[in-house]
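Worksheet for the structure shown next.
The first residue in the sequence is number 1, and the count goes up from there. FYI, side chains are in, hydrogens and waters are out, and symmetry mates aren't considered; it's all heavy atoms of this structure. Source: prediction; values computed, not measured.
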Amino acid sequence: MGLINNNLRNDKQSREIRRSTLIPVRAMSGEVTRTRKRHGLKNFKQRWSEQPQGAANGKERNTPSCDLSTVQPSEDEEVERGALKRLSTMWSSFRCKLNRDWVKEPCQESLDSAPADTTAREQRYMSGQYFFEYLVVVSLKKSKEGAYEPQITYQFPKRDGMVRFQREEEEKTLKAITLFCFPEGISWAPLTEYHSETFSFVLTEIDGSRRNGYCRRLLPHGNGARPPEAFCIISRLACFGLFSKIFDEVEKRHQISMAMIYPFMQSLREAAFPAPGNTVKIKSFIPDKGTEIISLTRPLDSWLEHVDFRTLFRCLTNEEVVLVFAAAVMERRIVFIAVELSTLSQVIHAVAALLYPFTWQHTFISIVPEILIDVVMAPTPYLLGVQKRLMEQVTDQTDLLVVDLSEDRKDTFLVQIGDENSLLPPKLQDEILQALRNRKEKATVEELNRVVSEAFLPFFVKTVGHFALYVTRNSSGQPGVFQSRAFYKAIKSKTTRHFVKKFLQTQMFDLFIQEVEQQPASPQQGIFHKKIVEYQEQKRKEKAKRH
């Protein structure tokens with residue numbers, strides 16, 4: 001018993017030491033105030049980065065994820081960033097309180113009834129129960145110097161009655177939106193043809209709150225050459241397929257008149273976001289067509305609703321996908337290269353989804369704006385999407401994995417460390433590949449999602465699925481303590497044990513197990529825990545047969 005307690009103490013101490021190297025020291029609020037008054041590109045880089053969808057789906061954590069300001073920071077910037085990160089929880093609470101004072105909701109026009117109580121509506125909105133925060137149109141306007149610059153030309157709803165602080169915050173948010181809608185910068189020229197594309201990004205504010213940006217770029221109606229414009233929806237909800245359908249409806253109304261967008265978006269904004277597998281119906285009037293009923297159905301597997309794996313497996317072979325997965329599991333620096341923004345967006349979100357039930361905790365930018373390309377020099381882990389024309393600024397880096405997704409590529413991996421194929425246990429790696437071979441050539445999104453989840457989820461079930469057995473709890477209701485040494489020592493396979501020992505050092509596992517320690521010792525819910533129970537039951541039956 002004494003040995004077990006000593007192991008517990010050592011495990012906890014070692015994990016606290018590891019966390020202390022990641023989490024900045026608490027700073028005085030005065031430093032935060034001074035930092036907030038800074039302006040310009042440097043402050044813009046500090047304020048905005050992306051986080052993966054696990055975080056955007058409500059799994060907010062006060063985590064030490066890599067910030068864009070980590071690119072060659074000065075000593076003063078390091079202290080300021082520490083202050084911002086450590087005060088994120090307090091700041092988030094304060095800002096939410098402010099938001100409830102100024103968010104105004106338009107009248108209800110959906111077929112579903114809404115609560116009559118205004119406070120209840122606002123609480124449901126703030127908790128992510130409504131479809132979106134606002135819609136903006138970003139147009140390219142010619143400056144005095146002759147270059148095209150992105151500007152917001154339409155916003156719904158308009159925010160009125162804001163105090164100065166709230167107005168400044170919104171202006172910074174809108175500036176970030178224009179940057180991610182047109183990450184190419186100002187190198188634009190009028191066009192007569194342009195293939196519309198839909199992509200997404202995630203904005204992470206200084207307080208840790210996250211909002212998803214869904215963007216569709218297209219050529220506005222008119223004659224002659226003209227620059228493209230972007231429709232962008234900002235929402236706290238992550239469901240790419242659903243918002244793609246919403247864009248179809250917006251585009252259809254835009255062909256008639258911008259005025260037709262308003263009543264549709266007003267109805268949508270008031271409609272409650274459906275539970276997984278459910279449908280919400282929106283009533284909308286279109287001239288010459290009458291009243292339409294638009295059905296928006298949310299996928300049953302909510303953890304995959306922001307993902308479309310088809311682009312990932314169109315660009316990469318099964319073996320290449322597994323190699324990228326291995327590098328991501330080990331939290332390495334990974335850059336994806338492509339011409340189309342939609343390809344970058346869909347692939348990088350798909351790779352992050354392969355890590356389920358874990359969540360990528362470091363820098364995650366599906367499309368890096370040209371003005372922020374220096375982020376590739378950050379020494380910490382990241383998942384980045386970079387347009388091919390900026391490739392030369394990426395391939396001169398070392399100690400990372402650069403994946404070319406272009407159709408005309410000569411090599412898929414432009415830069416690699418070289419050990420990626422040996423990071424996973426060989427037997428389990430072969431099992432993933434075998435499961436992926438069940439993938440049909442023309443599978444639907446739902447069919448492909450099922451094959452992919454059946455290929456990658458069992459990997460984590462077999463490697464770390466026994467974690468609950470090694471979280472000790474006392475009767476006083478205190479948080480549990482994870483016995484990391486006993487946990488990986490219990491694994492019989494030498495290669496699997498070697499992998500798990502390294503995986504325990506990742507931030508994604510560390511934060512996963514922190515949540516487990518804080519939760520009560522009741523049966524866990526979710527597909528991961530369901531698969532664990534099924535696997536353990538299968539092992540018991542196999543053991544019974546042998547005896």
Side-chain angles (χ1 to χ4, degrees), residues 41-42 44-46 48-50 52 66-72 138 140 147-150 175-189 191 194-195 197-203 213 215 217 227-228 230 232 311-312 315-316 320 324 327-328 332-352 360 362-417:
L41 176 59
K42 185 182 293 184
F44 189 78
K45 288 183 181 181
Q46 273 190 294
W48 298 102
S49 65
E50 293 191 58
C66 176
D67 193 31
L68 290 183
S69 60
T70 55
V71 181
Q72 297 178 329
V138 181
L140 291 169
Y148 284 91
E149 297 178 352
K175 179 63 177 176
I177 291 170
T178 63
L179 184 64
F180 284 105
C181 285
F182 287 95
E184 300 88 345
I186 59 176
S187 55
W188 281 98
L191 306 168
Y194 181 78
H195 176 65
E197 54 184 338
T198 306
F199 55 94
S200 65
F201 54 87
V202 183
L203 296 174
C215 186
R217 292 204 321 203
C232 184
T311 303
L312 175 65
C315 294
L316 302 176
E320 290 168 345
V324 171
R332 293 188 171 181
R333 301 193 303 161
I334 308 175
V335 178
F336 297 93
I337 304 290
V339 175
E340 295 185 347
L341 302 182
S342 55
T343 299
L344 290 174
S345 173
Q346 291 170 18
V347 167
I348 199 169
H349 282 293
V351 170
W360 182 265
H362 301 276
T363 298
F364 180 101
I365 310 179
S366 57
I367 301 166
V368 177
E370 182 175 2
I371 198 171
L372 302 180
I373 192 62
D374 285 351
V375 72
V376 300
M377 294 187 292
T380 49
Y382 53 59
L383 292 177
L384 304 178
V386 175
Q387 289 181 281
K388 192 162 187 176
R389 60 191 184 83
L390 302 174
M391 186 171 65
E392 291 184 1
Q393 300 185 54
V394 175
T395 52
D396 60 349
Q397 301 291 309
T398 57
D399 296 328
L400 77 166
L401 182 66
V402 179
V403 188
D404 191 353
L405 305 172
S406 309
E407 292 182 2
D408 60 347
R409 66 179 182 264
K410 294 181 180 179
D411 299 303
T412 299
F413 301 111
L414 304 179
V415 180
Q416 59 186 126
I417 296 175

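For the atom pair CZ of Phe201 and CG of Leu344, the computed distance is 14.0 Å after rounding to the nearest 0.5 Å. A distance of 10.5 Å separates CZ of Arg332 from CD of Gln416, quoted to the nearest 0.5 Å. We find the CG-CD distance between Leu179 and Glu184 to be 10.5 Å, quoted to the nearest 0.5 Å. Note that CG of Asp411 and CG of Asp404 are 8.5 Å apart. Values are rounded to the nearest 0.5 Å. Here the straight-line distance linking atom CG of Leu400 with atom CD1 of Ile417 works out to 7.5 Å at 0.5 Å rounding. Of the inter-residue distances, the one linking Phe199 atom CZ with Cys215 atom SG reads 3.5 Å to the nearest 0.5 angstrom.
You'll find the ring centres of His349 and Phe364 inside the 6.0 Å limit.
Here the closest non-hydrogen pair linking Ile177 and Cys232 is CG2-SG, 3.8 Å. The two residues Ile373 and Gln393 make their nearest non-hydrogen contact at CG2-OE1, 3.3 Å. In plain terms, the two heavy atoms of Phe336 and Leu405 that are nearest each other are CB-CD1, 4.0 Å. Of all non-hydrogen atoms in Val368 and Pro183, the two that sit nearest each other are O-CB, 4.3 Å. Residues Val375 and Tyr382 share a closest heavy-atom pair of O-CE2, 3.7 Å. Nearest heavy-atom pair across Glu320 and Thr412 is OE2-OG1, 2.9 Å.
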(message) side chain to side chain contact (heavy atoms under 4.5 Å, CB included) for Ile337 and Arg409? Distances and angles first, verdict last.
(response) CA-CA 10 Å; Ile337 304 290; Arg409 66 179 182 264; over 6 Å; no
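The environment of Gln397 atom CD is dense: over 12 non-hydrogen atoms of other residues, nucleotides or ligands sit within 6.0 angstrom.
The backbone N or O of Thr343 sits nowhere less than 3.5 Å from a side-chain atom of Thr311 that would complete a donor-acceptor pair. No donor-acceptor pair under 3.5 Å is formed between the side chain of Arg217 and the backbone N or O of Tyr194. Listed for the Arg333 side chain is a donor-acceptor partner under 3.5 Å among the backbone atoms of Val376.
No side-chain heavy atom of Ile367 sits less than 4.5 Å from a side-chain heavy atom of Phe180.
Looking only at atom types and distance, the side chain of Ser366 has no donor-acceptor partner in the side chain of Ser345 under 3.5 Å away.
Glu370 has a carboxylate O that lies under 4.0 Å from a charged side-chain N of Arg389, or vice versa, which qualifies the two as a salt bridge.
With Ile334 as reference, Leu383 is the one residue of Val351, Leu383, Leu384, Val402 to meet the side chain to side chain contact (heavy atoms under 4.5 Å, CB included) rule.
In this structure, His362 and Trp360 have perpendicular ring planes: the angle between them is above 60°, well past the 30° mark.
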